[in-house]
**Student:** 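Could you have a look at this structure, given as structure tokens, before my questions?
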Protein chains: 2
Amino acid sequence: MKISELASIAQVSVKTIRYYEQIGLLSPPIRTSNGYRHYQEKDIETLVFIRRCRELNIGLDDIKRLVDTQQDPKSSCALVDNIIAEQLARIQQTQRELALLEQSLAALASCCKSHQIKDCSILQTLKSA
Amino acid sequence: MKISELASIAQVSVKTIRYYEQIGLLSPPIRTSNGYRHYQEKDIETLVFIRRCRELNIGLDDIKRLVDTQQDPKSSCALVDNIIAEQLARIQQTQRELALLEQSLAALASCCKSHQIKDCSILQTLKSA
DNA sequence: CTTAAAGGTTACAGCCACTGGAAGGTCAAT
DNA sequence: ATTGACCTTCCAGTGGCTGTAACCTTTAAG
């Protein structure tokens with residue numbers, strides 16, 4: 001199949017597919033006589049796998065490790081476990097940070113009663129907190 | 001004061017100060033005869049203000065608007081209110097997205113009982129979920 | 001007086017994961 | 001013959017810095 005077919009089936013943009021090839025995440029497909037990329041059925045599977053990992057916010061380098069791991073049936077699950085666990089930890093850490101941010105912003109947002117910049121309590125707080 | 005003094009007082013890196021000047025967020029300071037940047041006391045205030053905004057994850061373009069607003073005492077608080085409210089909304093939206101991500105990752109992380117890649121339930125799930 | 005360290009300057013490249021656009025080749029239908 | 005959709009490559013831009021190189025100035029020590 002051609003690149004746009006793969007793109008629409010796997011729900012990934014054409015640009016992104018070429019980018020993944022460029023950085024070595026997808027192996028280069030064979031080319032037809034006119035130079036067009038020609039993909040196989042299994043490329044759908046790989047690309048959907050990558051898309052799901054991206055939806056979980058996993059970085060492309062980690063995804064590359066996961067894809068490589070899948071190629072080698074003898075390797076252990078430890079790497080996979082680690083990547084998922086670390087990603088979970090990162091997400092949780094970010095959540096904690098965002099909760100603090102939210103508190104600060106909410107406190108700021110509710111405190112401005114003035115209509116003139118010189119009395120704006122938001123700006124006052126940001127200047128001298 | 002010199003750039004490194006400003007940097008250590010305002011808790012912003014020297015690189016970042018020069019970058020802020022480059023993008024027009026900080027106005028260019030006067031130069032001493034040797035070409036070194038020479039900063040005033042008020043630059044500390046501005047830079048701390050910017051740093052606090054960044055800690056609230058506010059984008060540099062919005063920060064620029066806030067800084068400009070401060071220069072003009074006649075302008076109203078509406079812009080400030082808007083920027084803070086929008087930032088709060090963005091943070092809350094991100095929090096909702098991360099909560100979903102966390103659920104997905106937690107579900108994945110707890111389901112792998114195997115030690116061989118070919119049976120790894122994490123990879124199975126990611127391939128065919 | 002020389003020298004070395006510490007700090008200043010500019011300019012360019014890299015990070016992440018794409019995305020946009022230009023300039024051109026190919027294919028199917030009209 | 002031409003239109004329009006699709007393909008190709010390559011280069012640049014996004015945000016908010018950070019790293020590095022190459023060079024100049026100031027300051028302290030030997």
Side-chain angles (χ1 to χ4, degrees), chain A residues 1-26 28-39 43 46-67 83 86-87 90-91 94 97-98 101, chain B residues 1-26 28-39 43 46-67 83 86-87 90-91 94 97-98 101:
Chain A
M1 80 194 75
K2 285 190 283 189
I3 195 169
S4 64
E5 299 176 70
L6 175 62
S8 77
I9 293 173
Q11 297 279 83
V12 172
S13 83
V14 168
K15 277 274 190 195
T16 301
I17 294 175
R18 284 195 282 247
Y19 172 70
Y20 285 168
E21 180 184 331
Q22 186 193 320
I23 62 169
L25 181 52
L26 283 178
I30 56 175
R31 301 283 184 133
T32 50
S33 55
N34 54 20
Y36 289 12
R37 289 170 177 83
H38 181 75
Y39 292 97
D43 294 317
T46 306
L47 198 49
V48 168
F49 175 82
I50 294 172
R51 198 200 67 213
R52 293 221 176 87
C53 290
R54 286 298 299 135
E55 285 166 0
L56 296 174
N57 219 29
I58 297 173
L60 291 182
D61 49 349
D62 274 343
I63 295 177
K64 189 157 166 40
R65 282 182 208 114
L66 290 177
V67 171
I83 288 176
E86 280 174 17
Q87 185 58 24
R90 265 194 294 272
I91 299 278
T94 306
E97 289 165 7
L98 286 189
L101 268 190
Chain B
M1 81 194 74
K2 285 190 282 190
I3 195 168
S4 64
E5 300 175 69
L6 175 62
S8 78
I9 294 172
Q11 298 278 83
V12 173
S13 85
V14 168
K15 276 271 187 196
T16 301
I17 295 175
R18 284 196 279 248
Y19 172 70
Y20 285 169
E21 180 185 332
Q22 186 194 320
I23 62 168
L25 182 53
L26 284 177
I30 56 176
R31 301 284 184 132
T32 51
S33 56
N34 54 18
Y36 288 12
R37 289 170 177 82
H38 181 74
Y39 292 97
D43 294 318
T46 306
L47 198 48
V48 168
F49 176 82
I50 295 172
R51 198 201 67 214
R52 292 220 177 88
C53 289
R54 286 298 299 135
E55 285 167 359
L56 295 174
N57 217 28
I58 297 174
L60 291 181
D61 48 349
D62 274 343
I63 296 177
K64 188 156 169 41
R65 282 181 207 114
L66 290 177
V67 171
I83 288 176
E86 280 174 18
Q87 186 59 23
R90 265 194 295 272
I91 299 279
T94 306
E97 288 164 7
L98 286 189
L101 268 189

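Letters go in sequence order (proteins before strands), and every chain restarts at 1.
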**Student:** Strictly under 3.5 Å: I want the nitrogen or oxygen pairs between protein and nucleotides 24-29 of chain D, one per line.
**Tutor:**
unit_1	atom_1	unit_2	atom_2	d
dT26(D)	OP1	Asn34(B)	ND2	3.3

**Student:** Quick check: do Tyr20(A) and Leu60(A) have side-chain heavy atoms less than 4.5 Å from each other?
**Tutor:**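 Yes; the side chains approach each other to less than 4.5 Å.
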**Student:** Check whether any side-chain heavy atom of Arg37(A) sits under 4.5 Å from a side-chain heavy atom of Lys2(A), and report yes or no.
**Tutor:**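 SC-SC contact between Arg37(A) and Lys2(A) ruled out.
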**Student:** Within this structure, what is the CD-to-P distance between Glu21(A) and dT8(D), rounded to whole angstrom?
**Tutor:** 9 Å
**Student:** Generate the contact string for nucleotides 17-23 of chain D. Rules: B means base contact, S means sugar-phosphate contact only, - means no protein heavy atom under 4.0 Å.
**Tutor:** BSBB---
**Student:** Let me know the distance between CZ of Arg18(B) and C1' of dG16(D), rounded to the nearest Å.
**Tutor:** 16 Å
**Student:** Could you give the angle between the helix axes at the two ends of the helix from dC1(C)-dG30(D) to dT30(C)-dA1(D), with five pairs per end, rounded to 10 degrees?
**Tutor:** 30°
**Student:** Rounded to the nearest 0.5 Å, what separation is found between the CD1 atom of Ile91(A) and the CG atom of Leu56(A)?
**Tutor:**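 Answer rounded to 0.5 Å: 8.0 Å.
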**Student:** Quick test of your reading of the model: are Arg65(B) and Asp62(B) salt-bridged, counting only N-O distances below 4.0 Å?
**Tutor:** yes
**Student:** Scan Ile23(A) against the nucleic acid and name what it touches under 4.0 Å (heavy atoms): base, sugar-phosphate only, or nothing.
**Tutor:**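 If one applies the 4.0 Å heavy-atom cut-off, Ile23(A) turns out to touch nothing in the nucleic acid.
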**Student:** Taking CG from Asp61(B) and C1' from dT14(D), how many angstroms apart are they, rounded to a whole number?
**Tutor:** 12 Å
**Student:** For the atom pair CZ (Arg90(A)) and OG1 (Thr94(A)), what is the distance rounded to the nearest 0.5 Å?
**Tutor:** 8.5 Å
**Student:** Measure the CD1-CZ distance between Ile63(B) and Arg52(B) for me, rounded to the nearest 0.5 Å.
**Tutor:**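 Rounded to the nearest 0.5 Å, the CD1-CZ separation comes to 12.5 Å.
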**Student:** Can you list every side chain to side chain donor-acceptor pair (under 3.5 Å) pair that touches residues 9-18 of chain B, not counting sequence neighbours?
**Tutor:**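 Matches after skipping sequence neighbours: Ser13(B)-Thr16(B).
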**Student:** I want to check something: taking the side chain as every heavy atom from C-beta on, are Ile50(B) and Val12(B) in contact at a cut-off of under 4.5 Å?
**Tutor:**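 Ile50(B) vs Val12(B): side chains apart.
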**Student:** Report yes if some heavy atom in the side chain of Leu47(A) is under 4.5 Å from a heavy atom in the side chain of Tyr39(A); otherwise report no.
**Tutor:**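 Heavy-atom side-chain distance check fails, nothing below 4.5 Å.
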**Student:** List the residues meeting side chain to side chain donor-acceptor pair (under 3.5 Å) with Arg54(B), not counting sequence neighbours, and say none if there are none.
**Tutor:**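 Arg54(B) satisfies side chain to side chain donor-acceptor pair (under 3.5 Å) with no residue once adjacent residues are dropped.
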**Student:** Could you check how far CD1 of Ile17(A) sits from P of dC6(D), rounded to whole Å?
**Tutor:**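 Taking CD1 of Ile17(A) and P of dC6(D), I get 14 Å after rounding.
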**Student:** Distance under 4.0 Å to a non-hydrogen atom of chain B counts as contact; along DNA chain C, which nucleotides mark the start and end?
**Tutor:** dG7(C) to dA11(C)
